[in-house]
Amino acid sequence: MRNSPMAPPRSFLWSRRIFLTLLGGFVLVPVYVMVSSSLKPLADVTGEFRWIPSELTIRPYIDIWSTVPLARYFVNSLIVAGAATVCSVVIAVFSAYAVSRYDFRGKRVFTVTVLSTQMFPGILFLLPLFLIYVNIGNATGIALFGSRGGLILTYLTFSLPFSIWMLIGYFDSVPRDLDEAALVDGCGPLRALFRVVVPAAIPGIVAVAVYAFMTAWGEVLFASVMTNDTTRTLAVGLQGYSTLNDVYWNQIMAASLVVSVPVVAGFLLLQRYLVAGLTAGAVK
């Protein structure tokens, strides 16, 4: 049977297959190395590398919980990332709705300022935030440095600007007729927001929530400075598998796979909302 005149040439199809195969190998080979290394004894991991393990064991997945207090780090990361996500979504929804639906003095300056904060690298804010937290603690007794609350506030400075900017674009895509119809039916501005606009903007809100959670979950620099032994998060706690005497590579691989489960599972469950939200919120 002849190919359709609009069908791509055979050379293009083969090139695409080769490229996708190489890309898949580039992505999957490191994952295979992590999984296989997490199932090997430490001597096999530190010795000559073998693609097929000579011995399989689940001992690293058991030892990761006793070598370092991984469960405590896991709880800290869940609390910090979850609280930062909730606060970021709530504040971003109200801020973006106000910018999208109302005209006020300084609106243009506000949106430009919010977007311009993304131009600066995060490390520039490390020393100022550190000094601010220490001075607040000395003046008021509120312990922000070394606490979960201080780390949550820190992560809000990263996620809020992008969250507000993206939700502004998404709310602009929601027809204003829906708001007006709700107001005619007797709803106030807040009821119109929660009953009409928010349900229509669920994909964008989910995209913002996933972004805020992933930003807080895997951050290392600020977590290594702003936490102590009690409030340490997973991203920093994984360093505990490296000691002065040895590096437990098999446990590091096992712990890395375990801590990635919440992010991967959440992404797989919410990917259709995430794609729709990023697509709609990217342009007005």
Side-chain angles (χ1 to χ4, degrees), residues 68-96 114-115 117-130 132-133 136-137 142-168 170 202-240 252 255-271 273-275 277-278 281:
V68 300
L70 188 65
R72 185 174 67 198
Y73 299 157
F74 203 96
V75 171
N76 289 336
S77 290
L78 282 177
I79 293 175
V80 170
T85 300
V86 172
C87 293
S88 180
V89 169
V90 172
I91 297 174
V93 165
F94 285 106
S95 302
V114 166
L115 189 58
T117 57
Q118 301 298 294
M119 299 170 54
F120 303 99
I123 194 172
L124 291 179
F125 302 100
L126 180 59
L127 182 58
L129 285 174
F130 172 80
I132 290 172
Y133 288 174
I136 290 176
I142 300 176
L144 292 177
F145 176 74
S147 67
R148 295 169 180 166
L151 196 59
I152 292 169
L153 290 176
T154 302
Y155 290 153
L156 284 178
T157 64
F158 303 152
S159 59
L160 259 182
F162 178 80
S163 301
I164 293 173
W165 174 74
M166 190 169 69
L167 280 184
I168 289 174
Y170 203 95
I202 287 297
I205 295 174
V206 170
V208 166
V210 172
Y211 168 79
F213 185 86
M214 293 181 65
T215 300
W217 185 262
E219 201 279 327
V220 177
L221 177 62
F222 285 82
S224 62
V225 176
M226 299 292 186
T227 59
N228 52 34
D229 293 338
T230 304
T231 59
R232 190 165 294 160
T233 59
L234 281 172
V236 181
L238 292 179
Q239 300 175 4
I252 291 177
S256 300
L257 291 172
V258 169
V259 302
S260 64
V261 168
V263 177
V264 174
F267 180 82
L268 293 177
L269 291 173
L270 302 173
Q271 62 177 337
Y273 296 105
L274 180 63
V275 174
L278 289 175

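Values below: every heavy atom of this structure, side chains too, minus hydrogens, waters and symmetry copies. Heads up: numbering here begins at 1 and tracks the sequence. Not measured: the values here are computed from a predicted model.
To the nearest 0.5 Å, atoms CG (Leu127) and CD1 (Ile132) are separated by 9.5 Å. Remark: Met226 CE to Glu219 CD distance equals 9.5 Å, nearest 0.5 Å. Note that CD1 of Ile205 is 10.0 Å distant from CE of Met166, once rounded to the nearest 0.5 Å. In this structure, CG in Leu129 is found 5.0 Å from OH in Tyr133, a value given to the nearest 0.5 Å. Interatomic distance, Leu151 CG to Leu156 CG, rounded to the nearest 0.5 Å: 10.0 Å. How far CG of Leu167 is from OH of Tyr170: 9.5 Å, rounded to the nearest 0.5 Å.
Arg148 and Asn76 share a donor-acceptor pair across their side chains, judged by distance under 3.5 Å alone.
When each of Phe125, Phe145, Phe158 is checked for a ring pair (Phe, Tyr, Trp, His ring centres under 6.0 Å) with Phe222, only Phe158 meets the rule.
Ile123 CD1: 12 or fewer foreign heavy atoms inside a 6.0 Å radius.
In this structure, Leu234 and Leu70 have side chains that are in contact, with non-hydrogen atoms separated by less than 4.5 Å. Using a 4.5 Å cut-off on side-chain heavy atoms (C-beta onward), Val210 and Val206 make contact.
Between Tyr211 and Phe162, the two ring planes are tilted [angle within 30° to 60°].
For the pair Thr231 (side chain) and Thr227 (backbone), a donor-acceptor distance under 3.5 Å is absent. Side chain of Ser95 to backbone of Ala92: no donor-acceptor contact under 3.5 angstrom is found. Judged by distance alone, the side chain of Trp217 and the main-chain N or O of Val259 form a donor-acceptor pair under 3.5 Å.
Residues that satisfy the side chain to side chain donor-acceptor pair (under 3.5 Å) test with Tyr73, not counting sequence neighbours, are absent from this structure. Annotation: side chain to side chain donor-acceptor pair (under 3.5 Å) contacts of Ser77 (sequence neighbours excluded): none.
Of all the heavy atoms in Thr154 and Gly150, the pair that sits closest is OG1-O, 2.8 Å.
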With a cut-off of 3.5 Å and sequence neighbours excluded, list every side-chain donor-acceptor pair involving residues 79-88.
residue : atom : partner : partner atom : Å
Thr85   : OG1  : Ala81   : O            : 2.7
Thr85   : OG1  : Phe213  : N            : 3.3
Ser88   : OG   : Ser159  : OG           : 3.3
Ser88   : OG   : Ser163  : OG           : 3.3

